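Just so it is clear, the structure is predicted and the values come from calculations on it, not from any experiment. If you read the sequence from its start, that first residue is 1, and numbering goes on from there.
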Amino acid sequence: MGPERVFAATSGRVLNVVAAVAALAALVGSAASGGLGELLRYGAIPVLGLVVVWALFWCPQVEVSDGEIVLRNVLRTVRIPWPTFRGADTRLSLSIDTTDGTFTAWAAPARSALGARADAATPRGPQLAPPWRGRNQADGHTADVVALEIAARRESLERAGHLRPGPPPTGVHVTTTWHLRTIAVVAVLAVLAVAGAVLG
């Protein structure tokens, strides 16, 4: 067993920085060219774009710990206790099969066909789970890598006697939490952006 592992896309962090700079430039440009009135009319548009980019590319993560697998997606977070876990599929993206259904991880896409062909053409030794790097994982976030981590963690839990085959204990289920604040902010900004465009 080991510490919690968190998988997230480095490219998403970079994209968010670019989006933040672009949104700030747009807001400053609107204020400089048209004053407060233009900023109020059109300011919601770059802010909406920034929030959408943040929700799509910054927030999504996959967390693997001794207690559960957590899929932090765009609109909801799914918590999967180990007793409910039944398998993982990596064909299109990371999909976790559980006793309560199948759930997909936004933050763990499938590897590109080009990358898969390149690896297939390269002689390698036995494929092992990547080494521990502490809590934050900056790269190697494809579905295959996350699935390797999940398989290694499950094996360690089984060896330690913490996880046994069979149905989950009574009351142990997958739980889903919707990101209501994110949804509300996007909805409000979208309404303001449309209103500003129409009234402008």
- Note on the structure: Closest heavy-atom pair, P60 versus A55, reported as atoms and distance to 0.1 Å, is CD-O, 3.4 Å

- Query: Going from CH2 on W82 to CD1 on I150, what distance comes out if it is rounded to the nearest 0.5 angstrom?
  - Reply: 6.0 Å

- Task: Group every Ile, Leu, Val, Met, Phe, Trp and Tyr by side-chain heavy-atom contacts under 4.5 Å, then state whether V74 and L48 land in the same group.
- Result: yes

- Task: Identify the heavy atoms of A108 and A143 that sit nearest to each other, and give their distance.
- Result: O-CB, 3.5 Å

- What distance do S65 atom OG and R153 atom CZ have between them, rounded to the nearest 0.5 Å? 6.5 Å

- Message: Could you list the cluster mates of L50? Members are the ILVMFWY residues connected by side-chain heavy atoms closer than 4.5 Å, either directly or through other members.
- Response: none

- Message: When you compare the side chain of W58 with that of V53, does any pair of heavy atoms fall below 4.5 Å?
- Response: no

- Note on the structure: Rounded to the nearest 0.5 angstrom, the CG-CG distance for L27 and L24 is 6.5 Å

- Applying side-chain contact (heavy atoms from CB on, under 4.5 Å), name anything that partners R76, two or more places apart in sequence or on another chain. V78, F103, T176, W178

- Message: According to side-chain contact (heavy atoms from CB on, under 4.5 Å), who are the partners of P169, at least two apart in sequence or on a separate chain?
- Response: P83, V172

- Just jot down the side-chain contact (heavy atoms from CB on, under 4.5 Å) partners of E155, sequence neighbours excluded, or say none. R159

- Item | Closest contact, heavy atoms only, R86 versus G166 | NH2-O, 2.9 Å

- Message: Do I96 and T102 make a side-chain contact, defined as non-hydrogen atoms from C-beta onward lying under 4.5 Å apart?
- Response: no

- Item | With sequence neighbours excluded, residues passing side-chain hydrogen bond (donor to acceptor under 3.5 Å, both in side chains) with R164 | none

- Should R72 and W106 count as side-chain neighbours, where that means a heavy-atom distance under 4.5 Å? no

- Message: What I'd like to find out is whether the side chain of S33 reaches to under 4.5 Å of the side chain of E38, using heavy atoms alone.
- Response: yes

- Task: Write down the atom of V62, the atom of A105, and the distance for their closest heavy-atom approach.
- Result: CG2-CB, 3.7 Å

- Same cluster for V52 and L180 if Ile/Leu/Val/Met/Phe/Trp/Tyr side chains link at under 4.5 Å? yes

- Would you mind reporting whether I80 and E68 have side-chain heavy atoms less than 4.5 Å apart? no

- Message: Is there a path of hydrophobic side-chain contacts, each under 4.5 Å between heavy atoms of I/L/V/M/F/W/Y residues, joining L56 to V47?
- Response: yes

Name every donor-acceptor pair, under 3.5 Å, that has one atom in a side chain of residues 186-198 and the other anywhere in the protein, sequence neighbours excluded.
none

- Query: Can you tell me how far the CZ atom of R91 sits from the CG atom of D144, to the nearest 0.5 Å?
  - Reply: 12.5 Å

- What is the distance from atom CZ of R154 to atom CD1 of I69, rounded to the nearest 0.5 Å? 9.0 Å

- Evaluate the side-chain proximity of E4 to E63: yes if any heavy-atom separation is below 4.5 Å, no if none is. yes

- Would you please test W54 and N16 for side chain to side chain contact (heavy atoms under 4.5 Å, CB included) and show each step? CA-CA 6 Å; W54 172 81; N16 270 266; 3.4 Å; yes

- Apply side chain to side chain donor-acceptor pair (under 3.5 Å) to T77 and H179, showing your working. CA-CA 7 Å; T77 293; H179 301 166; 2.7 Å; yes

- Can you get from V174 to V146 by hopping between Ile, Leu, Val, Met, Phe, Trp and Tyr side chains that sit under 4.5 Å apart? yes

- Item | Same cluster (ILVMFWY, side-chain, under 4.5 Å), Y42 and L40 | no

- Message: Can you tell me how far apart CG (L75) and OG1 (T182) are? Round to the nearest 0.5 Å.
- Response: 8.0 Å

